[in-house]
Amino acid sequence: MTVEDCALYTGLSTSYIYKLTHRKEIPFFKPMGKRLYFKRSEIEQWLLRNRQGDVS
């Protein structure tokens, strides 16, 4: 996924996605040092981290 795809998928803004990548808080790939790419399965895991409360 591109930054734009990731923003649409997560509901976050592209600028916030860039901020998270700068802080290395979200998993991403940067082949050849150019554009950012995201693996959908890793973003799903990232979104589901830190579950709160007991789900019954």
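Computed from a prediction, not measured in an experiment: that's the story for all the values here. All residue numbers in this chain count up from 1 along the given sequence.
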Exercise. If you look at every heavy atom in Phe38 and Thr2, which pair is closest and at what distance?
Worked result: CD1-O, 3.8 Å
For this session: Please report the shortest heavy-atom distance between Glu4 and Thr14, naming the atom on each side.
Result: CA-CG2, 4.2 Å
For this session: Mind checking the SG-CD spacing from Cys6 to Glu42? Nearest 0.5 Å is all I need.
Result: 11.0 Å
For this session: Hey, could you give me the OH/CD1 distance between Tyr18 and Ile26, rounded to the nearest 0.5 Å?
Result: 12.0 Å
Exercise. Checking Thr21 side chain against Lys24 main chain: does a donor-acceptor pair fall under 3.5 Å?
Worked result: no
Exercise. Can you tell me how far CG of Leu20 sits from CG of Leu36, rounded to the nearest 0.5 angstrom?
Worked result: 11.5 Å
Seminar exercise, completed: CD (Gln45) and NZ (Lys39) are apart, to the nearest 0.5 Å, by 9.0 Å
Exercise. With a 4.5 Å limit on heavy-atom distance, are the side chains of Lys34 and Lys30 in contact?
Worked result: no
Exercise. Should Leu47 and Leu12 be regarded as members of a common hydrophobic cluster, given that ILVMFWY residues are connected when their side-chain heavy atoms come within less than 4.5 Å of each other, either directly or indirectly?
Worked result: yes
For this session: For residues Ala7 and Ser13, report the shortest heavy-atom separation together with the two atoms involved.
Result: CB-C, 4.1 Å
Exercise. Would you say Tyr9 has more than 12 foreign heavy atoms packed within less than 6.0 Å of its OH?
Worked result: yes
Exercise. Any side-chain heavy-atom pair from Phe28 and Ile17 closer than 4.5 angstrom?
Worked result: no
For this session: Examine distances only and state if a side-chain atom of Arg49 and a backbone atom of Trp46 form a donor-acceptor pair shorter than 3.5 Å.
Result: yes
Exercise. Any side-chain heavy atom of Val3 within less than 4.5 Å of one from Tyr37?
Worked result: no
Problem set entry | Atom pair CD (Glu25) and NZ (Lys19), whose distance is rounded to the nearest 0.5 Å | 9.5 Å
